[in-house]
Structures are given as structure tokens and as C-alpha cells.
Participant: 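I have a structure here, written as C-alpha cells, and I will follow up with some questions on it.
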Amino acid sequence: MFLRFRLLLSELSKFQQTLLRTKQLHALILKLRLSDDPFYATKIVRFYGMSGDFDYVCKVFDGCHHKSVFLWNSIIRAYARARRFNEAFSMFSGMLRGETRPDSFSYACVIRACCESSDVNRLRLFHGGVIVSGLGMDPTCNSALVMAYSKLGLVEEAGRAFSVISEPDLVMWNSMISGYSCCGLSVCSLKMFVEMQRLGESPDGYTLVGLISGLAGPDSIRTGEGVHGFCLKSSFESNPHVGSCLVNMYARFKCMDSAQKVFAGLINLDLVSWSALITGYCQCGEYEKASYFFRKMMGTIKGRKVDPILIASVLAAAAQSANIGMGIELHGSVLRCGLESDVMISSALIDMYAKCGLLGSARRIFENMPKKNAVSYNTIIQGLGLYGLASESFRMFDEMLNAGLEPDSCTFSALLCACCHSGLLNDGRELFTRMEDEFHVRPKVEHYVYLVKLLGMAGEFEEAYQLIDSSPGPVDPGIWGALLSCCEVQGNSEMAEVAARKLFETGAEKGAYRVMLSKVYARDGRWSNVNELRDEMTDAGLRKMPGLSWIGGTGTYS
DNA sequence: GCTAATTAGC
């Protein structure tokens, strides 16, 4: 018997190394009559669940007649890890129907799955199940509940699950601290951090990650620096999780010098820490530095896999800043990494070239894509629209439909935007009706804004007003704002007053709207109204920023 | 065997 176990174990590790076909392993298990041993079944389910071979996992699971809690938990976990939540949940129901009772880990696992699938109703159901099965005071279940509720934004319920436990353990404290951070309640999270230490519990890396990730906004800079000091004192700064969290925190504060200092102090740089630094520079608009560190990273991590998501986000930064040099360099990296056939990367490249003024390159990449999805089409439609090539945008739209792809709300934004750039009112009207009637895409604020602009610029103010008035639900101030700006251009003072009244009713106190209205008044020579508005603005402390032009390189006031 | 870090293309 012992020999059989030894043999299987050595085979297992060999399989892990050489990745031989699983069928042979199954044959071996059958031969050794180990298929009914829950210990080995659990091991196999765990290992092959990771590699995603669920046919095999199921075969082993079904072949085992004496299912232990461990075996059940490992198959539920395997499905949940693979984000196959429905299968995880139905396994759990299967467990409830059978003889093996779920334990705290089974519940913790499905609770987490509820959180990851944003299923609040099911989460409440499992919470009930936890209480009914006598696990209401169990720390494992309650930490899972705290995490799940807070990640779904239900802080109060998370707090309730926390307070059930009279003596919270470290995990429990950590869950609550990161829970408060998730919900933007960094003050509560800090209070918990102090409280746990008062009660004699020492924080670990998880605690600090939870605490740090909640610190955002200029008010928290001092706190952040204090927590950073705590990390230095207790030598948590070298923990890779804590370190990249600190880098990210300083990036949020727009203190890239501090972020860079933390980064420089990290011992083991991994992809996450690099990404935290690079995307930090992108978010702060320091594209040169972003591209410098990106280059440095590519030189350092040789051999290891490059993260396509990171490249896509740096490409987006190049597109936004219309930095063609950076864009071309990134394109080179894409080619070197063999990522050119990645759909996400290609769309980012198309967008970058279009926004940098090289429509031809954008088109070429699009044409050469072996597989196109809705995002690729949306990107090229938008790019063409940007250049005033509306009819080509429409052609792409038809091609997209012919390819059997479903247009979404972004598709219609891109199309309506193309109409705006070319002043195609009739096409815009038609698209707006088709999007809901034919494609069941509900128009959003941006779609209304585009159509209102189209109508307003064509002088169709009555229709624009009707459109806004007939839209369901409360009207976003941006839509009235779009109408008002058209009134300003067209000099329609009656409609301008209507739109402005609506805007001020909704409490949109943007100085720009008042300026627009006052311009319309000025055009009509209604100076008393102009002065009234100006006075109101000075009283409210709303000042118009003086116009500033950067054309020519030196800021010239206009 | 419960809790943790980054980025996500239009």
C-alpha cells in the first residue's frame, strides 16, 4: 500500500514537471485502485483545477465515492478560481444535498464567489445558511462576509458581521480594515488600525495593504506619510505587496518623487511594482518618465512574460498625449514581444495612431488584424469620424454588422460623434432611433449630447428641446449645457434662457454656463441682464478663467 | 485549506 502511494506521488510530481497527458495519470490511478481515495482525489482536483482541465477534474471527483469535505471544498474552489461561478454554486448545492456537511471553508469559498460575481442576493442567502448551520460566530465565515459585503459597498452589513466576533483575530481585523478602505472610509480604517494595536494585535503585511489602499485625496497625504513611516520602522517596506501599494499611494497623491523613492528601495521588483510606477507616471501626465521606466523594465525583465494590459495602458497614455514618438516606440515593443495579434493591443495601437495624426497606420493595423471584435470596430469607426470621414465610418459599421458583431453603446457614440464632425443631422437622427429600436442599446448622456449638438447646430432648437424633454428620468446637466452652447453659437436667446434656467434649477453651478448665457445677452444688447449675471457670479465667487493660448509655444493671453 | 499589491484597449 505504502509503495503504491509513493509511486503515485512521484508520478504526480513528474506529471507536473513534464506536463504529460492527464489520461495516462488517470489510467494509473485506476490501475492502483486509488480512485476512491479522497486524499488523492483532492490533490488531483486541486492541481488540475489550476490548469483548467475540468473534464478531468470532474472525472476524478465523480469517481470518488467517499467524498470528504476537503474534496468538496477543493472542487468548489477550483470552479470559483476559474470564475465559473455557476458551477461552483451548483457544486455547493450538490454538497448540501449530500451527506457531507459544508464547513466554514466551504461557506467562505462561496461567499467570496458571490462577491466576485456581484451577487448580493445570493450572498445574503449564504449568510443565512452560515447562521442556520451554527457557524454564525465562526471567524473564517465572518471575515469572508466582511470582505464580501464591503467590496460590494455594503459597509454597514460588513460592520455587523465584524461586531459579531467578540475577539477578532488578525484576519478579521485585516478584513475590516481593507473593507473600510474599499468603501472610501479611510478614517474608520485608520481607527481600526489603532484599535487593533491597542488590544495587543500586531499588524502584518495584509493590514498595511488594506490601510494604504484606502488613502486617496489630498487630505490623506499626511496620514499616508505617517503610515509609510510605520512601514519603514517595522520593515514592512520591503514586503513586495506593501511596497507596490505605497508606490501606488504616492502616485494617487501625485507625489511621483516619493513613489520613485519607495520603488528604488524595493528589493525584488516584480511586474506589479513596475506597473504601479509606470502607470503612476502615466496618470500624473509625466509621459517621458513613464516611457523611460517602461524601457528600463523591458531591459530588466528579459525572458519573463510582458503584460499586455500594461502595454495597452501605456499606449493609451501615448494616445491621450498625442505623443507619437512614444507610441512608435511602444509599437516596437509590441512587435518584439510578439503581441501584435493581441486584439486589445491592436485596438490600443489603432487608437494611438489615429489620435497622433497617422490615420494611414491606424487603418493598416486594422486591416491586418486576423480577428476583429466590437472594440476594434469601435476604435476604427471613432478614428475615421475624428478625421471627418463619416461615410467611411458608416461603411465600417455595416461591415461590423455583416461580421455578426453586436454594436454597443460605444459604437453609437463613435458614429454619432462622426455625424457631429461632419454635420450629418439626418444620419444622426436615424442612428439615434435605430440604436434603441433595432439594437436595444439604451441612449446614454453622451448620445443625447451628440444629437442635441447636431440639432442645435442645424438650428433645430424646438426638436432639440422636445428630445430632451421626452427623455426618461432626470436630465443630466451636460445635455442642457450642450443645448446652451449651441444657443450661444447660433445666438438664440430665448432657448438659451430656457436651457440656462433648467441648468440653474438642477444646481449646476458652473461659471461657464453663466458666461455662455451672458454672451447671448450681450449679443442681443441686453446689458442689464449681462450685468446681473456678472454680479451673481462675483457674489458666488465664480470667476471665468482668462483664455490662454499655447499656440506658438509661449502662453499668450487672448 | 479564511484576508493583500498594478494596469484593462473604443
Participant: For A/N174 and A/D204, does a side-chain donor sit closer than 3.5 Å to a side-chain acceptor?
Facilitator: yes
Participant: With the side chain of A/F70 defined as its heavy atoms from C-beta on, choose the nearest nucleotide among B/dC2, B/dT6, B/dG1.
Facilitator: B/dG1
Participant: Starting from C1' on B/dA8, measure out to CG on A/D342 and report it in whole angstrom.
Facilitator: 11 Å
Participant: How many Å lie between NE2 on A/H447 and C1' on B/dC10, as a whole number?
Facilitator: 12 Å
Participant: I need the CD1-P distance between A/I380 and B/dG9, as an integer number of Å.
Facilitator: 18 Å
Participant: Look at all strands and tell whether A/S244 reaches a base, only sugar-phosphate, or nothing, counting heavy atoms closer than 4.0 Å.
Facilitator: base
Participant: Is a side-chain donor or acceptor of A/S422 paired with a backbone partner of A/C419 at a separation under 3.5 angstrom?
Facilitator: no
Participant: A/F439 ring centre to A/R434 NZ or CZ under 6.0 Å, with the angle to the axis within 45°?
Facilitator: no
Participant: Is A/T279 touching bases, backbone alone, or none of the nucleic acid, heavy atoms closer than 4.0 Å?
Facilitator: sugar-phosphate
Participant: In whole angstrom, what separates A/W274's CH2 from B/dT6's P?
Facilitator: 18 Å
Participant: Is it the case that the side chains of A/R364 and A/N368 hold a donor-acceptor pair, with the cut-off being a distance below 3.5 Å and no angle test?
Facilitator: no
Participant: With a 4.0 Å cut-off on heavy atoms, is A/V146 in touch with a base, just the backbone sugar-phosphate, or nothing at all?
Facilitator: nothing
Participant: Mind calculating the distance between NE2 (A/H241) and P (B/dT6) to the nearest angstrom?
Facilitator: 9 Å
Participant: How would you label the contact of A/S347 with the nucleic acid (heavy atoms, under 4.0 Å): base, sugar-phosphate, or nothing?
Facilitator: base
Participant: Among B/dC10, B/dC2, B/dA4, which nucleotide sits nearest the side chain of A/N239?
Facilitator: B/dA4
Participant: Nearest to the side chain of A/C410, which nucleotide is it out of B/dC10, B/dA5, B/dC2?
Facilitator: B/dC10
Participant: Which nucleotide wins on minimum distance to the side chain of A/N248, given the candidates B/dC2, B/dT6, B/dC10?
Facilitator: B/dT6
Participant: Tell me which one of A/V242, A/I212, A/L246 satisfies side-chain contact (heavy atoms from CB on, under 4.5 Å) with A/H228.
Facilitator: A/L246
Participant: Which of these nucleotides, B/dT7, B/dA4, B/dC2, is closest to any side-chain atom of A/S313?
Facilitator: B/dT7
Participant: Could you work out which one of B/dT3, B/dC2, B/dG9 sits closest to the side chain of A/N373?
Facilitator: B/dG9
Participant: Could you state the CD-C1' distance from A/E340 to B/dG9, rounded to the nearest angstrom?
Facilitator: 16 Å
Participant: Over all strands shown, is A/D307 touching base, sugar-phosphate only, or nothing at heavy-atom distances under 4.0 angstrom?
Facilitator: base
Participant: Checking all strands, does A/D270 fall into the base, sugar-phosphate, or nothing category for heavy-atom contacts under 4.0 angstrom?
Facilitator: base
Participant: Name the closest nucleotide to the A/V375 side chain, picking from B/dA5, B/dT3, B/dC10.
Facilitator: B/dC10
Participant: If the cut-off is 4.0 Å, is A/K151 near the phosphate of B/dA4, judged by side-chain N/O to OP1 or OP2?
Facilitator: yes
Participant: For the side chain of A/V272, counting heavy atoms from C-beta on, which of B/dT6, B/dT7, B/dC10 is nearest?
Facilitator: B/dT6
Participant: The side chain of A/V209 is closest to which nucleotide in this list: B/dG9, B/dA5, B/dT3?
Facilitator: B/dA5
Participant: How many whole angstroms separate atom CZ of A/R83 from atom C1' of B/dA8?
Facilitator: 13 Å
Participant: Rounded to whole Å, how long is the line connecting atom CE of A/M249 with atom P of B/dT6?
Facilitator: 13 Å
Participant: A/K67 vs A/E99, test: salt bridge (charged side-chain N to carboxylate O under 4.0 Å, His left out). Steps then yes/no.
Facilitator: CA-CA 9 Å; A/K67 294 181 175 63; A/E99 278 155 20; over 6 Å; no
Participant: Contact class for A/P308 vs. all strands (heavy atom < 4.0 Å): base, sugar-phosphate, or nothing?
Facilitator: nothing
Participant: Side-chain N or O of A/R112 less than 4.0 angstrom from OP1 or OP2 on B/dA4?
Facilitator: yes
Participant: Any base atoms under 4.0 Å from A/Y377, or only sugar-phosphate, or nothing? Heavy atoms, all strands.
Facilitator: nothing
Participant: Assess the residue pair A/V441 and A/E406 against the criterion (side-chain contact (heavy atoms from CB on, under 4.5 Å)); give the C-alpha distance rounded to whole Å, side-chain angles, the decisive distance to 0.1 Å, and a yes or no.
Facilitator: CA-CA 10 Å; A/V441 177; A/E406 288 261 339; over 6 Å; no
